[in-house]
Structures are given as structure tokens and as C-alpha cells.
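Here the structure comes first, spelled out in C-alpha cells, and everything after it is commentary.
Bear in mind the structure is a predicted one, so any value in this text is a computation, not a measurement.
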Amino acid sequence: MRKTERRKELDDRLRRAASIALKKYRESNEISQAQLAQNLHMSVRSYSDLEHGISSPSAMTMVHFLLLMEKEEQKEFIEFLKDALEKDE
């Protein structure tokens, strides 16, 4: 697989995994998209695009998201991303 194809595949996996993780976190903490968007320092529209897998999170958004979590949630999130990125390597 060419480097650009591999990069695109990893970006797609990250986008999908982040989408799932964001929604799971939001629903388990019973907060609205607007509340989580505010906590992540972004617009509701930008957050909605992330949650629906339309756009990929920036590195800074991922850091903000990790900082919102408890230690155990952070570990689970990192493992979830790791598994998603390593799948079928």
C-alpha cells in the first residue's frame, strides 16, 4: 500500500473512532452536543460534524477531549483508538 493510501486509511479510521468515542462519552455523561462543544472550545456545528464522522478532530480537540475525561476513561479511549488504528494492519 502506498504511503498516501495508508495515511488516508488511518485518517478515516481515526475519524470513525473519534466519532464513536465522542458520542459514547456525551451520551454516557448525559450532556448535549452544545455542552460538549463548549467544553471542547468549538461551535456546535463543528462538534456535530465530528460526532457524525464528517470531519476529523484536530490534535488540540483530542487533547481537550482527553482532559475532560477521568483517568480510566482516558485509558479506555486511547485503547479504543489504538485498536481502531491497528485493525487489519
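Rounded to the nearest 0.5 angstrom, Leu22 CG and His52 NE2 are separated by 11.5 Å. Taking CZ of Arg26 as the reference point, atom CZ of Phe65 lies at 10.5 Å (rounded to 0.5 Å). Going from atom CG of Leu85 over to atom CG of Asp12 covers 11.0 Å, rounded to the nearest 0.5 Å. In this structure, the separation between CZ on Arg16 and CD1 on Ile20 is 8.0 Å, given to the nearest 0.5 Å. Atom NE2 in His41 sits 13.5 Å away from atom OG in Ser46 (nearest 0.5 Å). Tyr47 contributes atom OH, which lies 4.5 Å from atom CG of Leu36 (distance to the nearest 0.5 angstrom).
Contacts of Lys82 classified as salt bridge (charged side-chain N to carboxylate O under 4.0 Å, His left out), with partners at least two apart in sequence or in another chain: none. With sequence neighbours left out, the side-chain hydrogen bond (donor to acceptor under 3.5 Å, both in side chains) criterion links Gln33 to Glu51. Here Arg45 pairs with Asp49 under the salt bridge (charged side-chain N to carboxylate O under 4.0 Å, His left out) rule; sequence neighbours left out.
Here Lys8 does not pair with Glu5 in a salt bridge; the nearest charged N to carboxylate O distance is not below 4.0 Å. Electrostatic pairing of Glu9 and Arg13 counts as a salt bridge here, judged by a charged N lying under 4.0 Å from a carboxylate O.
Note on Met42: it clusters hydrophobically with Leu68, by side-chain heavy-atom contacts below 4.5 Å among ILVMFWY residues. Clustering ILVMFWY residues whenever any of their side-chain heavy atoms sit less than 4.5 angstrom apart, transitively, puts Leu14 in a cluster other than the one holding Phe80.
Here the shortest heavy-atom pairing between Ala18 and Leu81 reads N-CD2, 4.2 Å. The two residues Leu50 and Pro57 have their closest heavy-atom pair at CD2-N, 3.4 Å. What you find for Gly53 and Arg15 is that their closest heavy atoms are O-NE, 2.7 Å.
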Quiz prompt | Derivation of the side chain to side chain contact (heavy atoms under 4.5 Å, CB included) call for Leu10 and Arg7 | solution = CA-CA 5 Å; Leu10 289 174; Arg7 171 65 190 246; 5.5 Å; no
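Side-chain atoms of Gln35 and Asn29, non-hydrogen and from C-beta on, never get closer than 4.5 Å to each other.
Outside the 6.0 Å centre-distance limit, the rings of Phe77 and Tyr25 are not counted as a close aromatic pair.
In Glu30, the CD atom is not crowded: 12 or fewer heavy atoms of neighbouring residues, nucleotides or ligands sit closer than 6.0 Å. Surrounding CD of Gln38 are at most 12 heavy atoms belonging to other residues, nucleotides or ligands under 6.0 Å away. The neighbour count for Glu27 CD, taken as heavy atoms of other residues, nucleotides or ligands under 6.0 Å away, is above 12.
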